[in-house]
Amino acid sequence: MINPDRNQQPDISPVGKINFLEPEKHQLSNGSSVYLMHGGEQEIVKLDFLFRAGSWYDKRKLDSVMAASMLHEGTSSRTAAQLADTFDFYGAQFNASPYYDNSYVSFLSLKKHLPTLLPVVSDILRDSVFPENEFEILRQKRKQKALVDSKTVGITAQRTFLRKVMGNHHPYAPISSFDLYDKVTRDHAHEFYRNHYTSERMNIIASGLVDKETLAILEESFGTPWGGSTNDAPDISLLQLPAPEKVDIHKKGASQNAIAIGRLMPTLNHPDYPALKVLITLLGGFYGSRLMKNLREDKGYTYSVHTSSIPFLHQGIFLTFSEVGTEVSADAVKQIYHEMERLQNELVPEDELEMVRSYMMGRVLREFDGPFAMSQSFETIFEFGLTYGYYERLIETIRNITPTEIQNLAQQYLSPDSMTQVVAGHL
Amino acid sequence: MISFEKHTLPNGLKVIVHQDKVTPFAAVNVAYNVGSKHETPDRTGFAHLFEHLTFGGSRHVPDFDTPVQQAGGSNNAFTTVDLTNYYITLPAQNIETAMWIESDRILEPAFTNEILSREKKVVIEEFNQRYLNQPYGDVWHLIRDLAYKVHPYRWPTIGSTPDHVAQATLDEVKQFFYNHYAPNNAVLVLSGNLVPDKAFRLAEKWFSEIPFRELMNPPREPEPVQTENREITVERDVPMDAFYIGWHMGARDADDFFAADLLSDILSNGKSSRFQQRLVKEKKLFNELDAFLSGENDPGLFTVVGRVNPGIGFEKAKKAVLDEIQKTVQEKPLDYELEKVKNKVEAHLLYHEVGYLDNAIQLANYELLGGAAQINEQVEHYRKVTPDDILRVAGKIFREGNMNTLNYLSKKDGK
């Protein structure tokens, strides 16, 4: 056997056409949409129930969070203990995550157990009673968790950043005081549930080994309407978005400082968004990014630095985050701005851009790898009312964006003056 | 059921191929039989530091990240007390890029002082970020040090102190490599959208020339049987009092492992478990309460972690847990209870069969443990456990003198 030529990098074929699996769209009798994403080999079905019930709709902060957490804590006919026991016995996983725009109720089960379990899920969505006892336990649990989180420089910096960049009164802004946990009540949370977990506000995305039979079971359990109709989108037209600010938070004795630097940006349905994703990837979105090379590879300041875009439905946010040694914190901040300026002042070299293109194409391919990844990608665009055309545009941008376009974008969005900066730690 | 084929190359490298036609990706996963348990007490954190160092490139591949990213992939690694595992995932047509890199990593990494001093800094920042600058971040340092007196599970993978990492020299690092990194001490798993015959040929092409190496791997002294309960108390700036109790138990490949795992599930897996129902919900003693196995390859710990609600009384809460533990020693679980946790494990294992990378990592781990085929025997082992087994194993683990308690108290103002 001839030894391979190790001095020669093996040939690479670029990622070709990506197969976007279009979900099959159906409608239940009550008008709710069901999207079936068939694939995989295991006898598993994952159901995602999307409700327009995120914190965006909160009249009082935390109502949406408590409502989602209380979902499987008891119905008129089943106690919390019975619900837990049923799901555990069949090895099913029920999770409700309140997010900013939607609340995601996800249910993972062996396919064969769906006829037994979906009536229980239906009961939860239609008739949760939020027992006072369970509510109190959860309220305490959440409050203590928030207190533990507040001890970390990382979460402190990120939450402060979000409040500073959007303003305390923005519906997406995290709460500013833990006292709010003492004010939230069972009645308020239940009212939120009544108004937002309704069939009218629901969409179902089913992935895995799903078929006609799955659809029939879904119809049986979720096909009749429940709840009324509400229109409670907040009016943010009068909300003043704050000016950029630099904030230091002192945490004596911390062995690292957390740095959060960023600004408001367009969100996913904006024409600039695909190109912004390329820019963000270049700056700090992957292992070979400018910031990773600078702060970790070159200087050893940090274990990791990451730049991301947060695409809320009504507002996009750009954020660079890192935890660094306290003594190098000031220089790390300087380097982050330096890398932003470099993207504004210099054209990206072709070979670097080529690498980013390949890496990002691999990422897109990953987002369509199997039914569960695909359903997640579908949910991302579904929120925005977009089609797979979004991914086509993203791919088109990844393949064709020029160094000049990137520089223009950097000049438009990465000016250090426009950044809000939060540093938490031993200053 | 996870299908796979296995061959061994003349240099001792075990090669496993797992085909998954659903994904467009492939994974190249290499696990080395070297973890923090192969370190000495005065030089801890080496296996993990070494993992970082190898990303500094090798003799023929100066930079691993660029080619992987050019190929549309990503690479990463992790180190545990038992092993070091490297993986690259990339579009299947580019698998050879990953073979080139992984084979060169084991052939000869680039040892330079520059890379060493940089990665030392990065690892010390990782130490800070994950262990020192986190609430409750140092508990595993404390509990391991309390529970183990001889066995190298005494320190966590990150090392007992950042000083050991800071003091590492290039010679020590090189020595560490030749002591442990050898084809005859590794498992290569290729998984994803590939044809098994072709995959084996690629493994031969890239890995055959790596020489067999004599290993310096002296046998570890087993931890002596603990005969007296141990307890320590620390105060930290955390909001809630907590305790961590660890009992010694059998190894990962012992028959009793499965009964012990189900026992921990009966106690705390899921909202319907005993701990959740009785102590979190009914008595409202705990904010969080969990029981789990360390699941390590040498004999590990059965651990219970509780964060006590404010105003409850620390000792009262601890006693409630020990009472529940005592019940498992005195009474068999109900058939229904046992059936429930078995169903749960079975479903859980099936959920995790989805994913070519997870499967590759698991196959490698089982192969190091004694045979990749074990991956498909897990369910059967769990199914065989009887209520009497649970009772017997509980008696063995929760015996007097086998307990290690860490009281982790919230620092009160003024102290």
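Heavy atoms only: backbone and side chains are in, while hydrogens, waters and symmetry mates are out. Convention: sequence-line order gives letters A, B, ...; per-chain numbering from 1.
Of the two parts of B/Glu119, only the side chain, counted from C-beta on, holds a non-hydrogen atom closer than 4.5 Å to a non-hydrogen atom of chain A. If you measure heavy-atom distances from B/Ile115 to chain A, you find no contacts under 4.5 Å at all. Both the backbone and the side chain of B/Asn287 come within contact range of chain A, judged by heavy atoms closer than 4.5 Å. Neither the backbone nor the side chain of B/Ser117 comes within contact range of chain A, judged by heavy atoms closer than 4.5 Å. Only the backbone of A/Asp11 comes within contact range of chain B, with at least one heavy atom under 4.5 Å from a heavy atom of that chain. Contacts between B/Arg59 and chain A at a heavy-atom distance below 4.5 Å are absent for every atom of the residue.
In this structure, CD in A/Glu41 is found 8.5 Å from NZ in B/Lys21, a value given to the nearest 0.5 Å. Between atom OH of residue B/Tyr356 and atom CG of residue A/Asp369 there is a gap of 5.5 Å, rounded to the nearest 0.5 Å. With rounding to the nearest 0.5 angstrom, the OG1 atom of B/Thr23 is 8.5 Å from the CZ atom of A/Arg366. Distance check, rounded to the nearest 0.5 Å: CD of A/Gln256 to CD of B/Gln134 gives 8.5 Å.
For the pair A/Asn133/B/Lys284, a side-chain contact is recorded, criterion being any heavy-atom separation below 4.5 Å from C-beta on. Taking the side chain as every heavy atom from C-beta outward, B/Glu209 and A/Pro4 approach each other to under 4.5 Å. Using a 4.5 Å cut-off on side-chain heavy atoms (C-beta onward), B/Val122 and A/Thr302 make no contact. Counting only heavy atoms from C-beta outward, the side chains of A/Gln42 and B/Tyr351 never approach each other to under 4.5 Å. Considering only heavy atoms from C-beta on, A/Val324 stays 4.5 Å or farther from B/Gln129 through its side chain.
Salt bridge B/Lys281/A/Glu73: present, at least one basic N to carboxylate O contact under 4.0 Å.
Although no hydrogens or angles enter the test, the distance criterion places a donor-acceptor pair under 3.5 Å between the side chain of A/Arg6 and the main chain of B/Trp206. Checked by atom type and distance alone, the side chain of B/Asn343 pairs as donor or acceptor with a backbone atom of A/Phe89 at under 3.5 Å. Between the side chain of B/Arg118 and the backbone N or O of A/Asp298 there is no donor-acceptor pair closer than 3.5 Å.
Taking all atoms of both residues into account, the shortest heavy-atom contact from B/Asn133 to A/Ser255 is OD1-N, 3.1 Å. The shortest non-hydrogen separation linking B/Pro239 to A/Gln144 is CB-OE1, 4.4 Å.
When each of A/Arg357, A/Met360, A/Met355 is tested with B/Gln69 by the rule side-chain contact (heavy atoms from CB on, under 4.5 Å), just one qualifies, namely A/Met355. When B/Gln276, B/Lys344, B/Lys271 are each tested for a side-chain hydrogen bond (donor to acceptor under 3.5 Å, both in side chains) with A/Asp88, only one passes: B/Lys344.
Using cut-offs of 30° and 60° on the angle between ring planes, the pair B/His52 and A/Tyr303 is tilted.
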